[in-house]
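Below is one structure; the comments refer to it alone.
Just so it is clear: chains get the letters A, B, ... in the order the sequence lines come, proteins before strands, and each one is counted from 1. All heavy atoms count here, side chains included; hydrogens, waters and symmetry mates do not.
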Amino acid sequence: MFEAEQHAINQRLSAFCAEKGLPNPDLNWTWIPFNGHWGICTSFFQLAAREAREGKAAGPVPSRAAELAQMAAEAVGLPDGFERVEAVKGYLNLYFSTANYASRLIDSVLDEKQEFGRGKAKGERVMIEFSQPNTHKAFHVGHLRSAILGDALCRLLDFAGYDVVRANYPGDIGLHVIKWLWNYMNFHAGERPETNITEWMGKIYAEANRRLEENPELEAEVRALYSRWDQRDPEVVALWTETRQWSLDGFDEMYRQLDIRFDRYYFNSMAEQPGKEVVAELIEKGLATDDRPNNGTVFVDLDARLGLKEKYRVLVVLRSDGTALYATEDLALAKLKFSDYPDLARSYYVVDVRQSLHFQQVFKTLELAGYPWAKHCQHVPYELVNLPGNVVMASREGTVVLLEHLIAEAVSRALEVVEQKNPDLTAEQKLAVARAVGIGAIKYPMLARENAKIVTFDWKTALDFDGQAAPYIQYAYVRGGSILRKAGGEIPAAFTPTHTLQREEVALVDAISRFPSEVQRAAGDLRPLAMATQAYDLARAFNDFYTGCPVLSAEPEVRAFRLRLVAAARQAIGNALALLGITAPEAM
RNA sequence: GCCCCAGUAGCUCAAUCGGACAGAGCAGGUGCCUUCUAAGCACAAGGCUGAUGAUUCGAGUUCAUCCUGGGGCACCA
C-alpha cells in the first residue's frame, strides 16, 4: 500500500551508497517490531559485514552498521509521509506520519469492504482435495482437521487471488464398507437412520467389527460378500448405493453446520477401474513389474529405477489377486483431476502426515510414467488430532469424540453463556450466536496451530471461550458493531485528522495495514495459522483501543476519526474471520 | 536398520523465510463494571528455547553429533 514511498526511499539509499562507494544494499524492509509504533525498518549489518569480508573493515561490524545507519538516516532526511527517521543500533527506522497514512488506510478499507486484502487475480487454477471421509463410518473429531484446514486453505487461496476448485474424495468402497453391509443385511435389514445419521452408521460398523472379532469364522461370509460386490451383484450394488447415500446425506448435514462446501466430488469407487487401466499401462511401459504369475503383486521398484536406496522404496500398485488398492485408485484419481481441469497449476492433497511416503511414491510413479503434470501434485500434510495422553482416535477402539456430540455440546455451552450475557436477544438470535460461537471455538484451535503439530483434543479447552480463542475475536467484532450502532449507523465522511493519535490507535492502524500482506503470506505458505494469528492480533489491538480510547464521548473530530477507525477495524476482523471460516456475529 | 516430524513458561501454543529486550492464552496472585457489551482490560509472577559443538556481526530459527517422544517403511486406508 505504501510502495510508492518505499520506492522513493530505496532510490535515495541507492544513491547514497553509490556516492560512498558502497555496494548497492539489499534493503529488506519489515515492519517496526515495537508495539504502538507504526513504520518500516531495515538494517545495515549485512552491508557492514560485506565490507569486512572484502577487507575494507572500518571497525567491528556492529559499530560500523550503526555508523552506516546513521549516515543513511541523514541521507534520507525526512521523506514525505514520514514524521520521524532514526538510526538505532544499526537499524534504520522510518515512522509513518500517522494521521496522514492512517486516513489513507482507513479510506481504502472502507472503500473495499469485504474485498479489503484480496490479492490481484493470479490467473491460476488450483485444486484442493480435502476431508475425504469414509462412508459407512462415524465422523469424529479426528476427521475434522482435514475438513477445517482444507476449507481454510480454499478460502485463503481464493482470497489471495487463485481460482480454487474444492474437491472431496469420500472412501465409499473397501473392506470397511463390505463389513458394514454384511452386518446390516444380517442383523439390521430394513432399518434406516433417523437423526444423527453418521453416528448411526458408525454404530453399525463398530458392531460389525465386534461380531467379527468374537466370531472370526464369520469372516468367510464377509469375503463372500466382497466377491459378490466384485461381480457387481445387483442386490449388493443396490444396497450399497442406498446406504452410501445415507452417509453422504449425513456428511452434507455436517458440512452445512460447519459452513464447508465442495465444487467437485470424486469417489473411491470411481477410481477403481481406471486405476487398473493405469496399472496395465505401467506394466506395458515396463515401469511396473507384474509378479502375479508367481503369486506376487504388481509393483514399481522406485528406488531400483532411480538408483536410490531406502528412499522411495517399493510401491505396490495391484494386489496379487488383481484387486485394487488405495495406491491403484490414487494413480487414477490424479489423472482424472488433470483431465477434468487440464489447466491446474497445482493439485493439493490435504491428507494426514502418515501418508507422506505414499504420496511421494504415487507422484514419483506418475512422473516416471511421463505425465508432465505429476510435479504439480503436492501433498499438504497435517498431524493428527489426539486425545490427552497421546491416545489416537480410532473408531474400532471406541476412543472417539463424535463430531455431532462436539457440535451439540459446544453450541449448548455457548447458548448458556449468551442467555446470561445478553438475555434481551430473541431465542432465534441467541441460537444463531451460540452456533457462531460454538463452531468458531471448535475451528480455531484446529487452525491456530502449525500443520505439522499434533492437536490434542480435550473438552475443557475446546469449550473454553476465554482468551486466545475464536470468541475473543468475535467479541471484538461485536463490540465494534455496537459502537457503530449507538453512533446511529452513519460513518463520517473521509478526512485527515489533525489530532495526535494515541498509542492504541496507532497500534490498531498498524495491525489493519498488515492484513493484505498476511493474506499472501498465509496463502503462499499454505498456513492458516498465520491468518489465525493475524485475526487474534487485530482483535487484541481493537480491545486495547476499546479500553483506551473512548469513541462516542470524544471531541467531534476525534470521534469522527475513531468511528471510521472502528468501522475499518471491524471490517478487517470480519475479513480475517471469513478466511478462517468463522462466522462474525452481530451480537454476543 | 533407513527415512520424516516434533521438543520453547506448570499446561496449550506463537515468534513476520537469520535480526532489536523470546511473545500470547490457560491455571494460580492483585486490581478495574454509575462512562461505547467485563466472552474485556491493567499489573505482578513465571524461560540456560532437549544437550553439546560449529557457522555468523547476530541462532529458538542454519549445519553436525547425540537424547527424548511420535509416525512411516510391498499386497490397510
Considering only atom C1', compute the distance from B:rA14 to B:rA9 and round it to an integer number of Å.
-> 13 Å

What pairs with A:R559 under salt bridge (Lys or Arg N to Asp or Glu O under 4.0 Å), at least two apart in sequence or on another chain?
-> none

Could you list all N or O pairs between the protein and nucleotides 1-3 of chain B that sit under 3.5 Å apart?
unit_1: B:rC2; atom_1: O4'; unit_2: A:E310; atom_2: OE1; d: 3.4
unit_1: B:rC2; atom_1: O2; unit_2: A:R313; atom_2: NH2; d: 2.6

Contact class for A:V551 vs. all strands (heavy atom < 4.0 Å): base, sugar-phosphate, or nothing?
-> base

Could you measure between the two P atoms, the one in B:rG58 and the one in B:rC67, and give it in whole Å?
-> 30 Å

Roughly how far apart, to the nearest Å, are B:rG18 and B:rG25 at atom C1'?
-> 28 Å

Which is true for A:V317 with a 4.0 Å heavy-atom rule: it touches a base, it touches only sugar-phosphate, or it touches nothing?
-> nothing

Find the distance A:L552:CG to B:rU35:P and express it as a whole number of Å.
-> 13 Å

For B:rC41, does OP1 or OP2 lie under 4.0 Å from any side-chain N or O of A:Y472?
-> yes

Protein-nucleotides 11-13 of chain B N/O pairs closer than 3.5 Å?
unit_1: B:rU12; atom_1: O2'; unit_2: A:R449; atom_2: NH2; d: 3.0
unit_1: B:rC13; atom_1: OP1; unit_2: A:I454; atom_2: O; d: 3.1
unit_1: B:rC13; atom_1: O5'; unit_2: A:R449; atom_2: NE; d: 3.4

Within the sub-3.5 Å range, which N or O atoms of nucleotides 17-22 of chain B have a protein N or O partner, and how far apart are they?
unit_1: B:rG19; atom_1: O2'; unit_2: A:Y91; atom_2: OH; d: 2.4
unit_1: B:rA20; atom_1: N6; unit_2: A:N93; atom_2: OD1; d: 3.0
unit_1: B:rA20; atom_1: N1; unit_2: A:N93; atom_2: OD1; d: 3.3
unit_1: B:rA20; atom_1: N1; unit_2: A:N93; atom_2: ND2; d: 3.2

Side-chain donor-acceptor contact under 3.5 Å, A:K179 with A:N209 = yes

side-chain hydrogen bond (donor to acceptor under 3.5 Å, both in side chains) partners of residues 59-73 of chain A, not counting sequence neighbours, each pair once | A:E51-A:R64, A:R64-A:E67, A:Q70-A:E74

Reckon A:R479 has a side-chain N or O less than 4.0 Å from the OP1 or OP2 of B:rA38?
-> yes

In what stems does RNA chain B take part, counting only runs of at least 3 consecutive Watson-Crick or G-U pairs whose two distances fall under 3.5 Å?
-> B:1-7 with B:67-73, B:10-13 with B:23-26, B:29-32 with B:40-43, B:50-54 with B:62-66

Taking salt bridge (Lys or Arg N to Asp or Glu O under 4.0 Å) as the test, write out the residues that go with A:E504, two or more places apart.
-> none

Identify whether any heavy atom of A:V566 sits under 4.0 Å from a base atom; if not, whether one sits that close to sugar-phosphate; answer base, sugar-phosphate or nothing.
-> nothing

At under 4.0 Å between heavy atoms, what does A:A49 touch on the DNA or RNA strands: base, sugar-phosphate, or nothing?
-> base

With rounding to whole Å, what would you report as the distance between B:rA20 and B:rU61 at their P atoms?
-> 13 Å

Report each atom pair, protein N/O against N/O of nucleotides 74-77 of chain B, whose distance is under 3.5 angstrom.
unit_1: B:rC75; atom_1: O2'; unit_2: A:R319; atom_2: NE; d: 3.0
unit_1: B:rC75; atom_1: O2; unit_2: A:S320; atom_2: N; d: 2.9
unit_1: B:rC75; atom_1: O2; unit_2: A:S320; atom_2: OG; d: 3.3
unit_1: B:rC75; atom_1: N3; unit_2: A:S320; atom_2: OG; d: 3.3
unit_1: B:rC76; atom_1: OP2; unit_2: A:R319; atom_2: NE; d: 3.3
unit_1: B:rA77; atom_1: OP1; unit_2: A:R319; atom_2: NH2; d: 3.1

The ring-ring contact (aromatic ring centres under 6.0 Å, His included) partners of A:H176 (sequence neighbours excluded) come to none

Find which nucleotide of RNA chain B each of A:F465 and A:Y546 is nearest to by heavy atoms, and output the residue with the more 5' nucleotide.
-> A:Y546

Rounded to whole Å, the CZ-C1' distance (A:R540 to B:rA15) equals 12 Å

Given the C1' atoms of B:rC76 and B:rC13, what is the spacing between them in whole Å?
-> 33 Å

Separation between the C1' atoms of B:rA45 and B:rA27, rounded to whole Å = 13 Å

Show me, pair by pair, the donor-acceptor contacts under 3.5 angstrom made by side chains of residues 477-489 of chain A, not counting sequence neighbours?
unit_1: A:R479; atom_1: NH1; unit_2: A:N543; atom_2: OD1; d: 2.8

With P as the reference atom in both, quote the distance from B:rC21 to B:rA64 in angstrom, rounded to an integer.
-> 29 Å

Selection residues 515-541 of chain A - residue pairs positive for ring pair (Phe, Tyr, Trp, His ring centres under 6.0 Å), sequence neighbours left out = A:F116-A:F515, A:Y472-A:Y536

Using the C1' atom on both, measure B:rG53 against B:rC26 and round to a whole Å.
-> 37 Å

Determine the contact category for A:V437: base if any of its heavy atoms lies under 4.0 Å from a base atom, sugar-phosphate if only primed atoms, P, OP1 or OP2 are that close, otherwise nothing.
-> base

Going by number, which of residues 481-492 of chain A have a non-hydrogen atom under 4.0 Å from RNA chain B?
-> A:S482, A:I483, A:K486

